[in-house]
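To start, the structure under review is shown below, and the notes come after it.
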Amino acid sequence: MTFTMFSTSLAMSLLQGLHHVACVTSCAWQLPTNMILAFVAILSYHFGQRTGCVPRQPAASRSPTVPELSPSQLATIMSPRPVVVMPTLTSNEHQLAKLRVAIESVLLAGGTLILVDDGSPMDLRPLCKAGEPVLLVRHDKNLGPGAARNTGVRVATQLLNPCFIAFTDSDCKVDKAWLWRHAERQLRHPGVLCGQTAALQPGTVGRYHDLMGTLNGRRLSEGLLYGATCNMSCHKSILSHHLFDERFPAAAFEDVEFCVRLIKHGVTPLYDEHALVRHDFETTVGAFAKQFFRYGTAHPLMHILHPEYSKWYAMSTDIAVSVNRSPAY
């Protein structure tokens with residue numbers, strides 16, 4: 001029940017969703033709060049569906065700002081490290097603090113980072129320190145998450161030509177072994193790999209996301225129906241033919257659409273629970289509701305692009321987070 005059940009009836013969605021939560025909640029003391037959060041998620045998603053979204057018109061041309069690099073900077077960027085693309089739209093100090101954590105975690109994991117500033121009102125240049133393998137690319141205006149990732153892919157391919165590109169988000173903290181795991185799996189099975197995404201912050205909302213596997217994708221009999229781009233890697237042979245759909249206006253369903261489109265072209269995403277990312281979810285009920293409302297707004301566009309998705313979703317199962325937690329969590 002990552003994105004609720006696909007029923008036009010709110011009552012049926014609530015019945016199915018709440019029953020599912022009751023079945024998967026093993027701790028009796030967590031059941032009341034999980035049921036409340038499920039009710040909020042389903043209701044918010046439903047109203048998001050009814051609201052819908054206005055698809056973006058993909059930019060006919062774009063000229064992202066790529067800074068001029070000195071020979072030493074170029075040598076640092078082009079060192080043989082795995083390449084990570086991270087889009088960001090940073091609007092306040094709270095988001096800036098999360099972005100700092102995300103950048104530091106990628107560098108600790110041994111990656112070269114292509115940071116795509118998708119029209120942020122804040123100056124992100126101070127985050128790129130001399131001697132660090134971080135390349136800041138900027139859109140003059142916000143083009144959306146799909147366009148930002150596509151820009152990162154193009155810049156990485158032109159400058160570095162990596163054998164695969166990993167993706168994460170600006171509110172995530174990747175595990176130290178995350179890139180190594182993606183690299184090892186891409187070497188053995190070139191394609192699309194999605195890892196395990198757990199909540200960074202403990203608490204009621206984090207437990208719910210972990211239980212429901214909100215950003216953990218959904219499992220089919222073979223591979224995944226989809227995974228999230230906060231924890232994904234794609235081989236260059238895939239990205240040379242398939243990029244992200246830029247019509248999705250916000251961070252919702254553009255990664256789902258990408259994976260479903262690949263399945264229809266014979267490429268099934270795979271899952272590795274050891275490729276771990278921790279996502280810094282907002283923990284207030286209001287932010288939780290807003291998150292699922294945003295997911296819901298993109299559903300009608302997804303249904304237009306892939307009418308069979310609802311049927312495939314019903315055949316898939318969610319993936320609960322399997323990371324061990326302390327009793328206090």
Side-chain angles (χ1 to χ4, degrees), residues 1-4 20 24 82-86 105-106 109 111 149 163-169 171-200 206-239 242 244 251-279 281 295 302 306 308-325:
M1 206 274 298
T2 306
F3 296 121
T4 193
H20 177 68
V24 299
V83 175
V84 180
V85 167
M86 180 190 297
S105 70
V106 169
R149 292 191 186 95
C163 65
F164 77 95
I165 295 175
F167 299 92
T168 191
D169 287 347
D171 53 0
C172 290
K173 183 178 181 180
V174 307
D175 186 70
K176 288 183 179 180
W178 174 70
L179 264 179
W180 173 85
R181 190 68 186 183
H182 275 278
E184 191 266 339
R185 288 292 299 270
Q186 287 288 352
L187 182 63
R188 289 192 290 121
H189 303 288
V192 178
L193 179 70
C194 303
Q196 179 173 202
T197 303
L200 177 64
R207 277 197 303 269
Y208 179 86
H209 284 303
D210 283 355
L211 177 68
M212 306 311 299
T214 302
L215 294 179
N216 240 12
R218 291 187 65 87
R219 196 188 303 276
L220 293 171
S221 57
E222 294 184 7
L224 297 177
L225 174 60
Y226 65 80
T229 39
C230 63
N231 190 350
M232 179 185 288
S233 65
C234 300
H235 194 265
K236 66 178 181 180
S237 60
I238 303 295
L239 294 172
H242 303 281
F244 294 94
F253 267 103
E254 81 285 355
D255 42 11
V256 180
E257 190 283 330
F258 178 72
C259 290
V260 170
R261 178 161 32 98
L262 287 179
I263 291 174
K264 293 165 78 170
H265 283 85
V267 179
T268 301
L270 301 178
Y271 180 72
D272 187 338
E273 66 178 3
H274 300 294
L276 179 64
V277 164
R278 297 186 186 274
H279 191 281
F281 293 102
Y295 293 159
M302 180 67 185
H306 303 286
E308 63 273 62
Y309 175 63
S310 297
K311 178 182 177 181
W312 291 4
Y313 182 98
M315 298 165 57
S316 65
T317 56
D318 48 32
I319 307 171
V321 168
S322 61
V323 177
N324 291 328
R325 297 290 190 179

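Contact of the Leu215 side chain with the Phe281 side chain is registered, since non-hydrogen atoms from C-beta on lie closer than 4.5 Å. Side chains of Glu273 and Val321 form no contact here, defined as non-hydrogen atoms less than 4.5 Å apart. Side-chain atoms of Phe244 and Thr229, non-hydrogen and from C-beta on, do get closer than 4.5 Å to each other. Contact annotation: the side chain of Tyr271 never approaches that of Leu193 to less than 4.5 Å [non-hydrogen atoms, C-beta and beyond]. Side-chain contact between Val24 and Met212 is present, with heavy atoms from C-beta onward closer than 4.5 Å. Proximity of Pro269 to Ile263: side-chain heavy atoms (C-beta onward) are separated by under 4.5 Å at one or more points.
Sorted by first and then second residue, the salt bridge (Lys or Arg N to Asp or Glu O under 4.0 Å) pairs involving residues 260-269 (not counting sequence neighbours) are Glu257-Arg261, Lys264-Glu308.
Atom OG of Ser233 sits about 10.5 Å away from atom CD1 of Ile165, to the nearest 0.5 Å. Interatomic distance, CE of Met302 versus CD of Glu254, reported as 11.0 Å (0.5 Å rounding). In this structure, Leu239 CG and Arg149 CZ are separated by 12.0 Å, a value rounded to the nearest 0.5 Å. To the nearest 0.5 Å, atom CD of residue Gln196 and atom CZ of residue Arg181 are 11.5 Å apart.
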- For side-chain contact (heavy atoms from CB on, under 4.5 Å), just list the numbers for His182 and Phe164, CA-CA rounded to whole Å, side-chain angles, deciding distance to a tenth of an Å, and then say yes or no. CA-CA 9 Å; His182 275 278; Phe164 77 95; 4.2 Å; yes
- Query: Where do His189 and His235 land on the side-chain contact (heavy atoms from CB on, under 4.5 Å) test, with the steps shown first?
  - Reply: CA-CA 9 Å; His189 303 288; His235 194 265; over 6 Å; no
- Item | Stepwise side chain to side chain donor-acceptor pair (under 3.5 Å) test for His20 and Asp318 | CA-CA 11 Å; His20 177 68; Asp318 48 32; 2.9 Å; yes
- Query: Under the side-chain contact (heavy atoms from CB on, under 4.5 Å) criterion, do Trp178 and Leu276 qualify, and how do the steps go?
  - Reply: CA-CA 6 Å; Trp178 174 70; Leu276 179 64; 5.8 Å; no
- Item | side-chain contact (heavy atoms from CB on, under 4.5 Å) assessment of Phe167 paired with Val84 | CA-CA 5 Å; Phe167 299 92; Val84 180; over 6 Å; no
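Geometrically, Arg218 does not engage Tyr226 in a cation-pi contact, judged by NZ or CZ lying under 6.0 Å from the ring centre and within 45° of the ring axis.
For His279 and Asp169, the side-chain atoms include no donor-acceptor pair closer than 3.5 Å. Between Glu222 and Thr268, the side chains place no donor N or O within less than 3.5 Å of an acceptor N or O (distance only, hydrogens not considered).
Residues Arg185 and Asp272 come closest through the heavy atom pair NH1-OD2, 3.1 Å. Minimum interatomic distance between Thr168 and Cys172 (heavy atoms only, all atoms of both residues): OG1-CB, 3.6 Å. Scanning both residues, Gly195 and Asn216, for their nearest heavy atoms gives O-OD1, 3.8 Å. Between Gly111 and Leu179, the shortest heavy-atom contact is CA-CD1, 3.3 Å.
Between the side chain of Asn231 and the backbone N or O of Cys194, no donor-acceptor pair lies under 3.5 Å. Side chain of Ser105 to main chain of Val174: a donor-acceptor pair is present (N/O by atom type, distance under 3.5 Å, no hydrogens or angles). Here the side chain of Ser316 pairs no donor or acceptor atom with the backbone of Leu220 at under 3.5 angstrom.
Checked against side chain to side chain contact (heavy atoms under 4.5 Å, CB included), Leu262 has the following partners two or more places apart in sequence or in another chain: Val192, Ile238, His242, Phe258, Val267.
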